[in-house]
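All values below come from the heavy atoms of this structure, side chains included, with hydrogens, waters and symmetry mates left out.
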Amino acid sequence: MEIFGFTFSKSLVILVVAVVVWLASQLLSNTFVTALSSGTPTGKRLRTLGSLARTATSAVITLVAAFMIIRELGFDIAPLIASAGIAGLAIGFGAQTLVKDVIAGAFILIENQFDEGDEIEINGKRGVVEKISLRIVSLRDKDSALHIVPNGSILMVSNFSKK
């Protein structure tokens with residue numbers, strides 16, 4: 001069926017394939033993370049990295065499918081891709097701190113510098129790690145104060161729990 005040069009069958013195939021690829025990537029990621037993290041102390045770290053991988057995969061699949069469907073509508077996607085590149089550059093300059101936090105958080109998780117429950121000192125604040133994410137570390141001190149430390153601002157960590 002074609003309306004205004006738009007072919008519904010091709011767009012429907014693109015949409016179905018995108019959904020199948022997305023479901024397969026989610027299933028594969030969940031299976032992989034579950035198999036690797038079961039019974040290991042690094043399970044929380046792997047689940048966090050798995051979540052990051054699932055989000056990135058979903059974004060890529062959605063963008064590719066959207067561009068393919070827009071092309072099927074008869075639009076030239078080259079200007080869209082160029083505009084997306086320029087917008088990405090502008091957003092990148094505006095989000096430097098966020099990117100710095102996420103990259104530092106990824107290295108904290110990958111290098112297993114500390115885990116939830118460890119007693120650490122970050123930038124002069126000592127306490128027990130309550131939560132680690134790609135962007136922040138939540139640290140509870142002995143006076144029950146909760147310190148939220150962006151990963152990009154961590155200059156030095158002292159871990160009192162690891163021997």
| message | Applying the side-chain contact (heavy atoms from CB on, under 4.5 Å) criterion to Asp141, which one of Arg126, His147, Glu121 satisfies it? | response | His147
| task | List the steps, then state whether side chain to side chain contact (heavy atoms under 4.5 Å, CB included) holds for Val102 with Asn151. | result | CA-CA 7 Å; Val102 170; Asn151 292 332; over 6 Å; no
| task | In sequence, state the C-alpha distance, the side-chain angles, and the governing distance for Glu72 and Ile14, and then conclude on side chain to side chain contact (heavy atoms under 4.5 Å, CB included). | result | CA-CA 10 Å; Glu72 284 301 314; Ile14 291 169; 3.8 Å; yes
| message | What verdict does the side chain to side chain contact (heavy atoms under 4.5 Å, CB included) test give for Arg135 and Leu98, after you've listed the backbone C-alpha separation in whole Å, the side-chain angles of each residue and the deciding distance to 0.1 Å? | response | CA-CA 7 Å; Arg135 199 177 67 75; Leu98 177 64; 3.3 Å; yes
| query | Who else is in Ile103's hydrophobic cluster (ILVMFWY, side-chain heavy atoms under 4.5 Å, direct or via others)? | reply | Val99, Phe107
| request: Would you give the length of the straight line joining atom CG of Leu109 to atom CZ of Phe114, rounded to the nearest 0.5 angstrom? | output: 8.0 Å
| note | Smallest heavy-atom separation, Ser161 atom then Gly117 atom, equals OG-O, 4.4 Å
| request: Indicate whether the side chain of Thr57 and that of Gln26 have a donor and an acceptor atom separated by less than 3.5 Å. | output: no
| Spacing of CD1 belonging to Ile61 relative to CH2 belonging to Trp22, to within rounding of 0.5 Å | 9.0 Å
| request: Rounded to the nearest 0.5 Å, what's the gap from CZ on Arg54 to CG on Leu27? Could you check? | output: 11.0 Å
| Atom CD1 of Ile122 and atom CD of Gln113: how far apart are they, to the nearest 0.5 Å? | 9.5 Å
| said: What I'd like to find out is whether the side chain of Ser153 reaches to under 4.5 Å of the side chain of Asn123, using heavy atoms alone. | reply: yes
| Reported CG-to-CD1 distance for the pair Asp101 and Ile136, which is rounded to 0.5 angstrom | 9.5 Å
| query | Are Val128 and Leu139 in one and the same hydrophobic cluster, where Ile, Leu, Val, Met, Phe, Trp and Tyr link if side-chain heavy atoms are under 4.5 Å apart? | reply | no
| request: Nearest 0.5 Å please: distance from the CG atom of Leu28 over to the CG atom of Leu23. | output: 12.5 Å
| In one Ile/Leu/Val/Met/Phe/Trp/Tyr side-chain cluster, 4.5 Å: Val129, Phe160 | no
| task | Would you kindly confirm whether Leu73 and Leu63 end up in one hydrophobic cluster when ILVMFWY residues are joined by side chain heavy atoms under 4.5 Å apart? | result | no
| request: I would like to know whether Ile154 and Ile108 meet side chain to side chain contact (heavy atoms under 4.5 Å, CB included); could you show each step before the answer? | output: CA-CA 10 Å; Ile154 297 174; Ile108 288 170; 3.9 Å; yes
| field | Shortest non-hydrogen contact between Leu146 and Glu130, atoms and distance | value | CD1-OE1, 3.6 Å
